[in-house]
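In this chain, numbering begins with 1 at the start of the sequence shown. Both ligands and their constituent atoms are indexed starting at 1 by order of listing.
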Amino acid sequence: MISLNFDFKNALKFISKAQIEQLQEALDHQFIAVREKTGRGNDFLGWTDLPTSVDESLVSKIEAAAARFREKSEVSVVVGIGGSYLGARAVIDALSPNFNFLKKKQGNPIVCYAGNNISEDYLAELLEVLDAKDYTMTVISKSGTTTEPALAFRLLRDHMEAKYGKEESKNRIIAITDAERGALKQLADEEGYETFVVPDNVGGRYSVLTPVGLLPIAIAGLDIRKLMQGADEMAQFSEKSFDIKENPVAAYAAVRHALYLKGFTTEIMVNYEPALFYFTEWWKQLYGESQGKESKGIFPAGVSNTTDLHSMGQYIQEGMRNLFETVLSVEKPAHELLVPKDEKNLDKLNYLAGKAIHEVNHMAELGTTLAHVDGGVPNLRVTVPAINENTIGQLIYFYEMACAVGGYLLEINPFDQPGVEAYKKNMFALLGKPGFEKETEAIQNRLKDETKN
Ligand code: PA5
């Protein structure tokens, strides 16, 4: 049984139930296309089977590798970008204490990230930290050729080999990459690193329940079996019926599509827990890269409240009216903290004395929802009872499935990302990468022309 709930009553001022329900027939087809693997991009639907047909020996191998790394390291670096990074970070941040990075080692290494940017300062400062820490490293790249992680890995590997020697470094590096192809696969084989495979039929942004996400999550000390169990519960539930009235995945996909057809072209995922910041980032990548193509798709944005009510709140309340919000709401916090009474009451907060901080947060959430609906922003709400491995697993499958079905409603392929190549071509031309000579000349001429004008 799932504990996730989806509520769209605060969208019904903007779209009617009939407008939503008329999508049912199309939705039925799209669900079946995903299930039967007959739709566009069907080579990349392997993620649908991950929670239900868990490979026990793979999970045990991941747990053993994670235990080895946990034993060896104060810090474990995860090198990867996009789908080879965001799923792990989303889950680790959601499920680890907020100030984990300030805490002393308690059996769990601090997981930190590299290869998700090309900042010289970021890398130099990371190497400085690693000078003084015992560390291990997981390098993740399906293609094995992505510039950002390849660059970071080259630097980190040099650093590690200088610190521990080549032999010991082999025990401190795990590579997650294609089963057969790519530069990382070749390097890992030559060096003898332990490796895990990114399945051929799972694209990066749908790969959090493969070793890509599961190994870093297990290194952080989290229970990957419970995570898979949560995803499985959602997978089984959403298989039973595709009815919008019964299946939250169907309802979410239908409501956001109906809103899109009415001109609501930006969706803002809203959270009220800082721990969910990277979950929002993961969701942004999933929806942005899957659905933004062929000049179609809802633009996925994110805010973290109440922080962003003091920065983005004005725009959301009164800016252009093409926005809708999806609040990821958590019913119960892990801790209890009450507002203390203060004799002087100079801050005039005694009216809150004795109330839980969460209740204040919750009223901020409710008050904001009502204000935004009044201001013309439809509001959807995904609620989970608490943040834990089970609910995060449910959420992962919920959003992945709704993204795939929603992509098919848009009549696009939700599993490719052809647009990502454009910046790479220019960057390689500008950097003089061999094989890009023609592009280098063209881009240099273009830049000269721009300077003249
Ligand atoms: O979702 C995707 O496919 C992308 O975000 C990729 O994961 C990302 O570009 C990293 O690719 P790779 O794992 O090949 O280094």
Side-chain angles (χ1 to χ4, degrees), residues 40-48 50 77-91 113-118 123 137-157 173-188 193 195-217 278-293 297 300 302 396-397 399-404 406-407 412-428 433:
R40 286 175 76 177
N42 56 357
D43 288 356
F44 286 95
L45 276 160
W47 56 270
T48 56
L50 293 170
V77 186
V78 175
V79 183
I81 195 165
S84 288
Y85 143 76
L86 278 165
R89 187 160 196 177
V91 177
Y113 305 88
N116 57 348
N117 61 58
I118 321 181
L123 283 164
M137 170 161 57
T138 308
V139 54
I140 310 171
S141 179
K142 185 173 184 180
S143 62
T145 54
T146 309
T147 308
E148 291 89 340
L151 206 53
F153 184 53
R154 181 184 275 221
L155 282 159
L156 283 157
R157 192 160 50 98
I173 295 174
I174 293 178
I176 307 181
T177 188
D178 189 87
E180 281 159 22
R181 293 173 296 269
L184 182 57
K185 169 70 184 153
Q186 193 186 337
L187 181 73
Y193 302 146
T195 54
F196 287 88
V197 168
V198 191
D200 268 351
N201 58 359
V202 181
R205 57 191 175 275
Y206 294 85
S207 69
V208 56
L209 300 178
T210 72
V212 171
L214 295 178
L215 179 64
I217 293 167
Y278 271 97
F279 195 84
T280 306
E281 293 300 299
W282 169 82
W283 170 86
K284 275 163 60 182
Q285 190 216 355
L286 180 64
Y287 280 73
E289 221 168 50
S290 298
Q291 298 191 351
K293 50 196 70 157
I396 287 171
Y397 199 85
Y399 283 118
E400 286 182 344
M401 189 52 122
C403 185
I412 51 94
N413 175 358
F415 308 112
D416 64 359
Q417 54 284 327
V420 181
E421 297 311 309
Y423 97 90
K424 292 184 189 168
K425 200 178 81 197
N426 288 344
M427 179 177 79
F428 294 148
K433 185 173 175 169

Next on the checklist: For ligand 1, which is the ligand I care about here, please tell me if Gly144 has any N or O atom under 3.5 Å from one of the ligand's N or O atoms.
Outcome noted: no

Checklist entry - To the nearest 0.5 Å, what is the distance between CD1 (Ile174) and CZ (Phe196)? => result 5.5 Å

Next on the checklist: To check your reading of the model: name the closest protein heavy atom to atom 11 (O) of ligand 1, its residue, and the distance in Å.
Outcome noted: Thr146 OG1, 3.5 Å

Next on the checklist: Quick check: do Thr147 and Ile81 have side-chain heavy atoms less than 4.5 Å from each other?
Outcome noted: no

Checklist outcome for this item: Within 4.0 Å of some non-hydrogen atom of Ile81, the atoms of ligand 1 are 7 (O), 8 (C), 10 (C)

Item to check | Residue Gln417 vicinity, atoms of ligand 1 by number, heavy atom under 4.0 Å | outcome: 3 (O)

Next on the checklist: Under 4.0 Å from a heavy atom of Glu289: which atoms of ligand 1 are those, numbered in the order shown and with their elements?
Outcome noted: 1 (O), 2 (C), 4 (C), 5 (O)

Checklist entry - Parallel, tilted or perpendicular for Tyr206 and Trp47, by the 30°/60° rule? => result parallel

Checklist entry - With respect to atom 13 (O) of ligand 1, which of Ser143, Ser84, Gly115, Gly80 exhibits the smallest heavy-atom separation? => result Ser84

Checklist entry - Which residue owns the protein heavy atom closest to atom 6 (C) of ligand 1, what's the atom, and how far is it? => result Gly83 N, 3.8 Å

Checklist entry - Should you measure from each heavy atom of Gly82, which atoms of ligand 1 turn up under 4.0 Å away? => result 5 (O)

Next on the checklist: For a 4.5 angstrom cut-off between non-hydrogen side-chain atoms, does Val139 reach Tyr193?
Outcome noted: no

Next on the checklist: I need the nearest protein heavy-atom contact for atom 3 (O) of ligand 1: residue, atom name and distance, please.
Outcome noted: Gly204 N, 3.5 Å

Item to check | Given Pro149, Pro216, Pro211, the one that forms side chain to side chain contact (heavy atoms under 4.5 Å, CB included) with Ile140 | outcome: Pro216

Checklist entry - Going by the order shown, which atoms of ligand 1 are within less than 4.0 Å of some heavy atom of Gln285? => result 1 (O), 2 (C), 4 (C), 5 (O)

Item to check | salt bridge (charged side-chain N to carboxylate O under 4.0 Å, His left out) pairs, two or more places apart, involving residues 140-151 | outcome: none

